[in-house]
Amino acid sequence: MYELIKTEGMAKRGRLTTVHGTVETPLFMNVGTCAAIKGAVATSDLYEIGTQVELSNTYHLHVRPGDRLIHDLGGLHKFMNWNKPILTDSGGFQVFSLAGLRKIKEEGVTFQSHVDGRKIFMGPEESMQIQSNLGSTIAMAFDECPSARAERKYVEDSVARTTRWLERCKKEMDRLNSLEDTVNPHQMLFGINQGAVFDDIRIDHAKRIREMDLDGYAIGGLAVGETHEEMYHVIEETSPYLPQDKPTYLMGVGTPANILEAVDRGVDFFDCVYPSRNGRHGHVYTGKGKINLFNQKYERDMRPIEEGCGCPACKMYSRAYIRHLLKAKEMLGMRLCVLHNLYFYNHLMEEIRDALDAGNFKNYKKDKLYAMQEYDREKDA
């Protein structure tokens, strides 16, 4: 159940209650593709850095170790020892990213495994069955993610098919939740809005899928080739047509600035690989922007990554030491950077919620965006 606590303009402050606990929104979901966050981050770390929701990948877990195995071992929560909510994506984005290895039909998609090359078929029913085996808190509907630059006719046909797939997902989810041996009989289903950068297709699709009374709604197919300005425009045009009394999830986005702009346009769920990916390469986030710890200027810098930060890296170690670890290719360096970045994102969302609670989000956003440009102006990132 989602409770809309208050709004400021289009920005939403909410609370989602699930079978695996209650979460406060806006929130950022930490991405653990294969049931672990890259960078040697343990489940115990996720609790320490304030993670509310962990996100895992349906396709990757289906390929390895296998969703049936995870089902037999008690589900994904038990498998990875995590008792808070988990969202699993549908595998639909892999349909987009494996474009050269796929064949799309009405029934679903046939594509090759990136692990061993074997053929895999996935349609709405298969995606729901895999996610039911995983037992995630929130399952995503199976969709196609067309390129932002796809031609209008292709996008129209793709979105119509995604709508038909959503109807099949909902029917199959209802069936699976009623089975005696299902891992999580309270599994939620989020639908996905598509339409590339065509306002009218996005809006028509939002109107259509909101009638299905799902547990939440995502805006998909962004950050796949369009400009930031185009992305913000799509969000601004689309989100008013999605239910305000349900979570709105912007998939795969983005930078701290992207998050601030999207919250201002009505989004309250986010995920992105940026914090962990950038951390593994020594790029860390601060309230003044992103810095590259490989830069020689940090060789003798005994300050933490960010003064006042409560993450495990900043409480214990200096920029100079972490830079040394990175240069020496010691895994601890990568791990500390990833932990800092994930903490930074989770803490950013906490600040956003506090600003919304205080009715001061507009000013907070303006000040935050200005402050985060400081290192960009120095060309340090």
Side-chain angles (χ1 to χ4, degrees), residues 27-52 54-55 80 223 228 252-261 270-352 364 367-381:
L27 63 79
F28 182 82
M29 296 181 284
N30 294 168
V31 180
T33 302
C34 298
I37 291 173
K38 285 180 170 61
V41 176
T43 307
S44 54
D45 295 318
L46 297 183
Y47 292 113
E48 184 178 355
I49 62 176
T51 302
Q52 292 199 82
E54 188 271 349
L55 184 151
M80 65 181 292
H228 283 172
V253 181
T255 67
N258 291 159
I259 289 172
L260 287 162
E261 294 290 359
F270 297 88
D271 82 282
C272 189
V273 297
Y274 282 171
S276 54
R277 180 182 291 167
N278 281 327
R280 296 196 305 274
H281 293 91
H283 290 231
V284 289
Y285 292 91
T286 78
K288 295 181 179 179
K290 189 174 63 174
I291 65 175
N292 180 2
L293 288 179
F294 276 99
N295 283 358
Q296 191 169 0
K297 65 189 282 186
Y298 302 116
E299 185 178 31
R300 296 174 178 271
D301 192 337
M302 290 302 292
R303 294 175 296 169
I305 294 171
E306 182 161 38
E307 299 284 355
C309 176
C311 83
C314 290
K315 286 194 292 188
M316 294 286 290
Y317 305 108
S318 67
R319 295 176 178 184
Y321 177 65
I322 297 172
R323 179 182 185 274
H324 155 68
L325 295 174
L326 293 167
K327 296 284 283 184
K329 294 184 168 55
E330 287 287 349
M331 187 178 289
L332 178 59
M334 176 176 71
R335 170 177 153 78
L336 291 173
C337 290
V338 172
L339 284 173
H340 170 81
N341 282 352
L342 292 174
Y343 179 93
F344 176 88
Y345 267 66
N346 291 333
H347 187 65
L348 172 68
M349 304 314 295
E350 188 178 335
E351 287 185 353
I352 289 171
Y364 167 81
D367 293 344
K368 199 74 174 175
L369 287 174
Y370 181 80
M372 286 192 298
Q373 293 171 1
E374 182 171 321
Y375 284 118
D376 293 337
R377 288 192 291 269
E378 293 177 10
K379 305 296 183 185
D380 187 43

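We count residues from 1, following the sequence as given. Computed from a predicted structure; not experimentally measured.
Side-chain N or O atoms of S276 include none that pairs as donor or acceptor with a backbone N or O of K38 at under 3.5 Å. In this structure, the side chain of E306 engages the main chain of G287 through a donor-acceptor pair within 3.5 Å. Without hydrogens or angle criteria, R319 side chain to Y298 main chain gives no donor-acceptor distance under 3.5 Å. Side-chain atoms of N341 never come within 3.5 Å of backbone atoms of R280 as a donor-acceptor pair (strictly under, hydrogens ignored). Without hydrogens or angle criteria, D271 side chain to V31 main chain gives no donor-acceptor distance under 3.5 Å.
For CD of E299, the number of neighbouring non-hydrogen atoms (other residues, nucleotides, ligands) closer than 6.0 Å is greater than 12.
The shortest heavy-atom contact between F270 and V253 is CD2-O, 3.6 Å. Taking both residues in full, the closest heavy atoms of G282 and C337 are given as CA-SG, 4.3 Å, listed atom of the first, atom of the second, then distance. Across all their heavy atoms, K315 and G310 have their closest contact at CE-O, 3.3 Å. Of all the heavy atoms in Y345 and I259, the pair that sits closest is CE2-CD1, 3.6 Å. Heavy atoms only, all atoms of each residue included: I49 and P312 are closest at CG2-CD, 4.1 Å.
The distance from the CG atom of N292 to the NZ atom of K297 is 10.0 Å, given to the nearest 0.5 Å. Atom CE of M331 sits about 12.0 Å away from atom CG of L336, to the nearest 0.5 Å. Between the CD atom of E351 and the CG atom of L260 there is a distance of 9.5 Å, given to the nearest 0.5 Å. I305 contributes atom CD1, which lies 4.0 Å from atom CD1 of I322 (distance to the nearest 0.5 angstrom). In this structure, Y274 OH and F28 CZ are separated by 11.0 Å, a value rounded to the nearest 0.5 Å. Rounded to the nearest 0.5 angstrom, L293 CG and H281 NE2 are separated by 13.5 Å.
No hydrogens or angles considered: a donor-acceptor pair under 3.5 Å links the side chains of N278 and Y285.
With contacts defined as side-chain heavy-atom distances shorter than 4.5 Å, the pair M80/E54 qualifies.
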Start with the C-alpha distance between E261 and H228, add both sets of side-chain angles, then the distance that settles side-chain contact (heavy atoms from CB on, under 4.5 Å), and finish with yes or no.
-> CA-CA 10 Å; E261 294 290 359; H228 283 172; over 6 Å; no
Checking side-chain contact (heavy atoms from CB on, under 4.5 Å) for the pair L325/Y317: CA distance, chi angles, key distance, verdict?
-> CA-CA 11 Å; L325 295 174; Y317 305 108; over 6 Å; no
Test side-chain contact (heavy atoms from CB on, under 4.5 Å) applied to Y321 and L332, step by step | CA-CA 10 Å; Y321 177 65; L332 178 59; 4.0 Å; yes
List the steps and the verdict of side-chain contact (heavy atoms from CB on, under 4.5 Å) for L342 and D45.
-> CA-CA 10 Å; L342 292 174; D45 295 318; over 6 Å; no
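Ion pair R323/D301 not flagged as a salt bridge, since none of the NZ, NE, NH1 or NH2 atoms sits closer than 4.0 Å to an Asp/Glu carboxylate oxygen.
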